[in-house]
There are 2 protein chains.
Amino acid sequence: MPRVGLDKTKIIQAAIAIANEHGIEQVSIASLAKNLGVRPPSLYNHFKSLMEIRTQIAREGMQRLEETLLRSVAGKSGEDALLHFSKQYLLFANDHPGLYEATIQPMNTPDKVVKETSKNMIDLLIQLLATFSLEEENALHLVRGLRSIVHGFASLQRADGFQMNFKVEESLLYTIQILCKGIKQET
Amino acid sequence: MPRVGLDKTKIIQAAIAIANEHGIEQVSIASLAKNLGVRPPSLYNHFKSLMEIRTQIAREGMQRLEETLLRSVAGKSGEDALLHFSKQYLLFANDHPGLYEATIQPMNTPDKVVKETSKNMIDLLIQLLATFSLEEENALHLVRGLRSIVHGFASLQRADGFQMNFKVEESLLYTIQILCKGIKQET
DNA sequence: TATAATAACTAATTATATTAGTTTTGTAAA
DNA sequence: TTTACAAAACTAATATAATTAGTTATTATA
């Protein structure tokens with residue numbers, strides 16, 4: 001019975017690797033145990049349940065995404081900021097598909113940390129829109145619109161909903177540009 | 001052993017009901033059997049696997065959604081058509097949450113019928129954008145943008161991603177209006 | 001060195017999908 | 001009307017999953 005030396009961090013890292021390679025639904029106690037060279041019940045020394053592991057993945061995902069987005073708009077404003085925000089959002093979903101997947105699913109399962117990080121991202125978008133000096137209610141409408149656009153692109157892209165042959169990133173940025181044209185006209 | 005008189009239609013109807021009430025992930029051989037008053041293996045006389053049942057739900061969902069959308073834009077064009085399209089898309093996702101959920105998931109699982117119906121919806125959006133006489137490449141960008149918007153609103157709404165207190169439908173329609181403002185300026 | 005915490009284990013429970021093989025029912029032909 | 005057959009529904013069994021209870025052994029520390 002040679003001790004493997006597991007801890008929460010190693011388990012979550014393995015879980016994220018599985019999620020990114022094979023999808024979040026492939027993260028199971030069984031697959032994790034096999035990957036870590038351990039029997040399934042051993043994982044219960046570190047986590048209470050599979051759901052707790054999934055929630056932890058979601059937290060990590062949200063936090064890394066938030067950091068990425070914050071970095072993407074540092075020192076930028078207006079349309080420029082929105083374009084960089086959107087581009088990095090899409091890239092993140094592309095580079096860490098399982099992690100991104102995990103961040104969406106558990107909006108059902110209300111985890112405090114996940115929800116709070118999500119709220120931070122909304123606040124960030126509100127800040128980015130501030131440059132356009134919209135009426136408050138309209139700004140909130142557009143925050144939803146922007147979230148929908150980036151999330152929509154991220155998930156439809158992953159789902160291969162876009163079967164056309166030219167770049168998805170271009171489409172996203174073009175859409176944001178057109179939206180900004182409309183916003184500028186509005187104010 | 002009194003025969004219950006199951007058939008594919010009744011099974012799928014029960015599955016859709018479960019999906020709409022409790023989510024697509026709650027549609028299982030076990031839950032279906034219980035609902036239909038039958039032992040789990042009996043369902044295999046009608047479907048090869050659970051996946052086949054889920055695929056069938058997705059097909060139904062896509063077909064009903066397509067019909068809804070076609071009806072929503074009959075006799076309309078331009079911005080008006082886009083607004084009605086979007087509104088009905090969101091309503092559909094709202095009224096048939098499980099059915100809508102089913103239509104998204106299996107973009108991974110490539111089912112011919114589902115993909116074809118999906119393509120029809122893209123073609124419909126292309127038609128709707130025709131009024132704006134955009135360059136072809138830009139029109140394709142915006143088709144993706146529009147799909148992302150409606151899908152983004154539908155899924156974020158469902159996931160309770162929108163915790164603010166005013167109407168989601170308004171936000172969607174406002175976003176579409178702003179986008180149209182931008183489109184008109186583009187051409 | 002002895003002890004206490006705990007990592008990892010085995011064994012067992014419950015729930016799931018699925019397969020094989022059996023019984024029974026309904027229908028259609030003799 | 002009877003017979004025969006296709007198929008609906010069943011029982012029994014297998015495989016895999018999550019989880020719990022209880023055991024053993026390792027490691028850190030007192």
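Just so you know, these numbers come straight off a predicted model, no measurement behind them. In what follows, chains are A, B, ... by sequence order, proteins preceding strands, each numbered from 1.
- A donor and an acceptor atom, one from each side chain of A:H151 and A:Y100, are located under 3.5 Å apart.
- Between the OH atom of B:Y44 and the C1' atom of D:dA13 there is a distance of 14 Å, given to the nearest Å.
- Look at B:K115 and B:D111 and you find no salt bridge, because none of the NZ, NE, NH1 or NH2 atoms lies under 4.0 Å from a carboxylate O.
- Atoms CG (A:D7) and P (C:dA5) sit 21 Å apart, rounded to a whole Å.
- There is no side-chain donor-acceptor pair under 3.5 Å between A:T175 and B:H141.
- With D:dA9, C:dT16, D:dT19 as the choices, the nucleotide that has an atom nearest any side-chain atom of B:S42 turns out to be D:dA9.
- The nearest whole Å value for the distance from the CZ atom in B:R54 to the C1' atom in C:dA17 is 11 Å.
- Nearest to the side chain of A:V4, among D:dT20, C:dA8, C:dT18, sits C:dA8.
- Following rounding to the nearest Å, A:K34 (NZ) and D:dT16 (C1') show an atom-to-atom distance of 10 Å.
- The cationic atom of A:K8 (NZ for Lys, CZ for Arg) lies less than 6.0 Å from the six-membered ring centre of A:F47 and within 45° of the ring axis.
- DNA chain D is contacted by both A:L50 and B:G5; B:G5 maps to the nucleotide lying nearer its 5′ end (nearest heavy atom per residue).
- Checked against C:dA17, D:dC10, D:dA18, the side chain of A:I29 finds its nearest nucleotide in D:dA18.
- A:R3 places its CZ atom 8 Å from the P atom of D:dT26, with the value rounded to the nearest Å.
- Mapping A:S28 and A:N45 onto DNA chain D via the closest heavy atom, the residue that lands nearer the 5' end is A:S28.
- The interatomic distance linking A:L43 (CG) with C:dA8 (P) rounds to 9 Å, in whole Å.
- In this entry the distance linking CZ of B:R39 with P of D:dA13 reads 15 Å, nearest Å.
- Whole-Å rounding puts the A:L6 CG to C:dT6 P distance at 15 Å.
- With respect to the salt-bridge test (charged N to carboxylate O, under 4.0 angstrom), the residues B:K181 and B:E79 do not qualify.
- At the phosphate of C:dT6, neither OP1 nor OP2 sits under 4.0 Å from any side-chain N or O atom of A:H46.
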